[in-house]
J.: 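Input: one structure, supplied below.
Because the structure is predicted, anything quoted here is derived from the model rather than measured. First listed ligand is number 1; within each ligand, the first listed atom is number 1. Along the sequence shown, residues are numbered consecutively beginning with 1.
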Amino acid sequence: MNQTGVKIAAVAHYAPARIVTNEDLTRWLDTSDEWITSRTGMKRRHWAAPGQATSDLAIAAARRLLEQTNCDPNEVDCYIVATCTADYPFPATACIVASKLGAKGKAAFDIEIACSGFIYGLTVASSLIRSGVYRRIVLIGAETLSKIVNKGDRGTAILFGDGAGAVLLEATQEDSFLSADLGSDGSRPEILLVEAGGSRRATDAAAIAANAHLIHMAGREVFKFAVNKMISATGRALEKAHLTKSDVDFLIPHQANKRIIDAAAKYLGMPPEKVVCNIHEYGNTSAASIPIALSESVEQGRIAPGNVIVFVGFGGGLSWGAVAWRWQALASEGR
Ligand code: ACO
C-alpha cells in the first residue's frame, strides 16, 4: 500500500440548546457556584433534550462539517463515532449517523474508550488513511453524559455535559500526523465506571436502586492519574515525533477539570495562551471535548498552518493518549 499523509480538512461542533449553569445546579444539589468554579473551572454545561440521543448531536456536528467543504456524505469512505454514551448497546451509533446523513453503505463503527475516545479515534482514522485503506474519514466525538450521570450526586452531576465535535480527515501529500502514544490500565475499573447495562451486571431493579447504571467515580484518584498521564503521554508523543516542549504551539487537552489542565500545563512549561480551555462553557463532554475545543480554536482564528498541536486525553479504562499533529490549511482555505 502507498504511504500517504493525512490532514484535518474541516472541523465543526454542536452543543444542545439547553444550558445548565452552576446556579441552576444549586436548585437541587448541596453545592455552590463558588465551589464548582474554584474546584473545576466549570460555569455552564449543555444538556441534551429528553428525546435527543448521541447520534442526533453527532449528525448536527457532521452536517456543519460537511457543509463547510461542500462534501457529499457519500464522498466519505468511513464514519467513526467515539462515544461512551452510544444510542444503543448495538448497533453502533456511527451506522445510524452515516445512514441519516445519506451515506448508507459506507463503513461505520464506534470507538468506546470513554474520554480518550477522540485520541484513539484520531490515531485509528489517521492510520487508515496513511496506509491507503481510505481517503476520507469523518471522525466524531459525541456524548450525552447527562443521560448517565446521577443528577442527585454532587460529586459527579456538576462535571458532565453533552456535545459533539467532528473532523474531516483527508489523504494528502504532507503528513499532519507526527506521533501517537496510547495506553490503558484496566486493573481497577471501579475507579471510573458505569457498572450495570453490560454483560457483567444487568440493569435490573436492584441495579437501578443502587444507581449502578450511572457514572461512578473516585474523583481524587482520577485526578492524580489524569495529571500524571497527561504529562507522561505528552512527553512520549513529543519524543516519538523528535520534538521538544518548546516546539508545541498548542496543547488541546481533554476538558475534565481546569485544575488538572493547569497542573499538567505548568509541569509541561506551557503558558496559558498555548493551552486551549473551554471547560467553563461545556464541562466534561468526554470524547467530544477535544474536537469541540479544536473547533472553537479554529473558529477564533487561533491556529495557523504549520502549528504543532498536542491533543491529549485520559478517562475511563483507565485509558490515556496523546497525538502530536502539524496543522495544515483547511479545505475551505484552499488546497
Ligand atoms: N459541591 C460542594 N461540595 C462538594 C461537591 C460539590 N459539587 N462535590 C464534592 N464536594 C465536597 C465533598 O463532599 C468533600 O467534602 P468533605 O471534605 O466534607 O468530605 C469535599 O467537597 C472535597 O471533595 P473531593 O472529592 O476531595 O474534591 P476535589 O477537590 O477532589 O474535587 C472533583 C472533586 C472535582 C470530582 C475532582 O476530584 C476531579 O475533577 N476529579 C477528576 C474527575 C475526572 O477527571 N474525570 C474524568 C473522567 S470522566 C470519563 O472518563 C467518562
J.: Using 30° and 60° as the class limits, which term best fits the ring planes of F311 and F118: parallel, tilted or perpendicular?
T.: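 Rings of F311 and F118: perpendicular, as their planes differ by over 60°.
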J.: Find all atoms of ligand 1 within a distance of less than 4.0 Å from any non-hydrogen atom belonging to T40, and give their numbers and elements.
T.: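 Per the distance check, 34 (C).
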J.: Against V76, only a single residue in L65, L101, L169, V138 fulfils side-chain contact (heavy atoms from CB on, under 4.5 Å); can you say which?
T.: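 Between V76 and the candidates, side-chain contact (heavy atoms from CB on, under 4.5 Å) is satisfied uniquely by V138.
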J.: Got the closest protein heavy atom to atom 48 (S) of ligand 1, with its distance?
T.: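 For atom 48 (S) of ligand 1, the nearest protein heavy atom comes out as C115 SG, 3.4 Å.
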J.: Which protein non-hydrogen atom lies closest to atom 23 (O) of ligand 1, naming both residue and atom, and how far is it?
T.: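 Going atom by atom, the protein heavy atom closest to atom 23 (O) of ligand 1 ends up being R220 NH2, 4.0 Å.
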J.: Nearest to atom 8 (N) of ligand 1, what protein heavy atom do you find, and at what distance?
T.: W35 CH2, 3.3 Å
J.: Quick one: which ligand 1 atoms are inside 4.0 Å of a heavy atom on N257?
T.: 34 (C), 36 (C), 38 (C), 39 (O)
J.: For ligand 1, which part of L192 has a heavy atom less than 4.0 Å away: the side chain, the backbone, both, or neither?
T.: side chain
J.: With atoms numbered from 1 as shown, which atoms in ligand 1 lie under 4.0 angstrom from a non-hydrogen atom of R39?
T.: 22 (C), 27 (O), 28 (P), 29 (O)
J.: Which protein non-hydrogen atom lies closest to atom 44 (O) of ligand 1, naming both residue and atom, and how far is it?
T.: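 Sorting protein heavy atoms by distance from atom 44 (O) of ligand 1 puts A256 CB, 3.3 Å first.
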J.: Among all protein heavy atoms, pick the one closest to atom 40 (N) of ligand 1 and tell me residue, atom and distance.
T.: G219 O, 3.0 Å
J.: State whether E221 and R188 are salt-bridged, where the test is any N-O pair (Lys NZ or Arg NE/NH1/NH2 against Asp/Glu carboxylate O) under 4.0 Å.
T.: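 Counted as a salt bridge, because a side-chain N and a carboxylate O are separated by less than 4.0 Å.
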J.: Starting from atom 43 (C) of ligand 1, which protein heavy atom do you reach first, and at what distance in Å?
T.: V222 CG1, 3.5 Å
J.: For residues T203 and I208, determine if any side-chain heavy atom of one lies less than 4.5 Å from a side-chain heavy atom of the other.
T.: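 The answer is yes, as the side chains (C-beta and beyond) meet within the 4.5 Å cut-off.
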J.: Hey, is T31 touching ligand 1 through its side chain, its backbone, both or neither, going by heavy atoms under 4.0 Å?
T.: both
J.: By number and element, which atoms of ligand 1 are closer than 4.0 Å to a non-hydrogen atom of I158?
T.: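 Those of ligand 1 that fall under 4.0 Å from I158 are 7 (N).
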J.: Considering only NZ, NE, NH1 and NH2 on the basic side and carboxylate oxygens on the acidic side, decide whether E75 and R136 come within less than 4.0 Å.
T.: yes
J.: Which bit of I215 gets closer than 4.0 Å to ligand 1, counting heavy atoms only: side chain, backbone, both or neither?
T.: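 Looking at I215 and ligand 1, no heavy atom falls under 4.0 Å.
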J.: With atoms numbered from 1 as shown, which atoms in ligand 1 lie under 4.0 angstrom from a non-hydrogen atom of G316?
T.: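 Heavy-atom distances to G316 below 4.0 Å select 50 (O).
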J.: Show which atoms of ligand 1 fall inside a sub-4.0 Å distance from at least one heavy-atom site of M217.
T.: 35 (C), 42 (C), 43 (C), 45 (N)
J.: Which one holds for A114 and ligand 1: side chain close, backbone close, both close, or neither close, with close meaning a heavy atom under 4.0 Å?
T.: side chain
J.: Using a 4.0 Å cut-off to any heavy atom of N284, which atoms of ligand 1 qualify?
T.: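 So the atoms of ligand 1 that pass are 46 (C), 48 (S).
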J.: Does any part of the side chain of N278, heavy atoms only, come nearer than 4.5 Å to the side chain of V276, both counted from C-beta?
T.: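 Result no, sub-4.5 Å side-chain heavy-atom pair not found.
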J.: What's the separation between atom CG in N150 and atom CE in M217, rounded to the nearest 0.5 Å?
T.: 12.0 Å
J.: When you measure from the heavy atoms of H254 to every atom of ligand 1, does any distance fall below 4.0 Å?
T.: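 H254: no contact with ligand 1 (<4.0 Å).
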J.: Protein heavy atoms: any of them under 4.0 Å from atom 13 (O) of ligand 1?
T.: yes
J.: Is any side-chain heavy atom of D33 closer than 4.5 Å to one of K43?
T.: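 The answer is yes; the side chains approach within 4.5 Å.
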J.: Among all the protein's non-hydrogen atoms, which is closest to atom 31 (O) of ligand 1, and how far away is it?
T.: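 Looking only at protein heavy atoms, the one closest to atom 31 (O) of ligand 1 is R259 NH2, 3.6 Å.
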J.: Just verifying a value: how many Å separate I252 CD1 and E296 CD, rounded to the nearest 0.5 Å?
T.: 11.0 Å
J.: With side chains defined as the heavy atoms from C-beta onward, is the minimum distance between H13 and E299 less than 4.5 Å?
T.: yes
J.: With heavy-atom distances below 4.5 Å as the criterion, would you say the side chains of D77 and R135 are in contact?
T.: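 Yes, their side chains come closer than 4.5 Å.
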J.: Under 3.5 Å, side chain of E143 to main-chain N/O of C84, donor-acceptor pair present?
T.: yes
J.: Output the list of atoms in ligand 1 that are nearer than 4.0 Å to some heavy atom of I260, sorted by atom number.
T.: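 Once the distances to I260 are compared, the set is 41 (C), 44 (O).
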J.: Could you measure the distance from the OG atom of S146 to the CZ atom of F160? Nearest 0.5 Å is fine.
T.: 11.5 Å
J.: Take atom 18 (O) of ligand 1 and look for protein heavy atoms under 4.0 Å from it; say yes if you find one, no if not.
T.: no
J.: Atom 15 (O) of ligand 1: which protein heavy atom is closest, and how many Å away?
T.: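 Of every protein heavy atom, R154 NH2, 4.2 Å lies nearest to atom 15 (O) of ligand 1.
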J.: Does the distance from a Lys or Arg side-chain N to an Asp or Glu carboxylate O, for R259 and D262, drop under 4.0 Å?
T.: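 D262 and R259: not salt-bridged.
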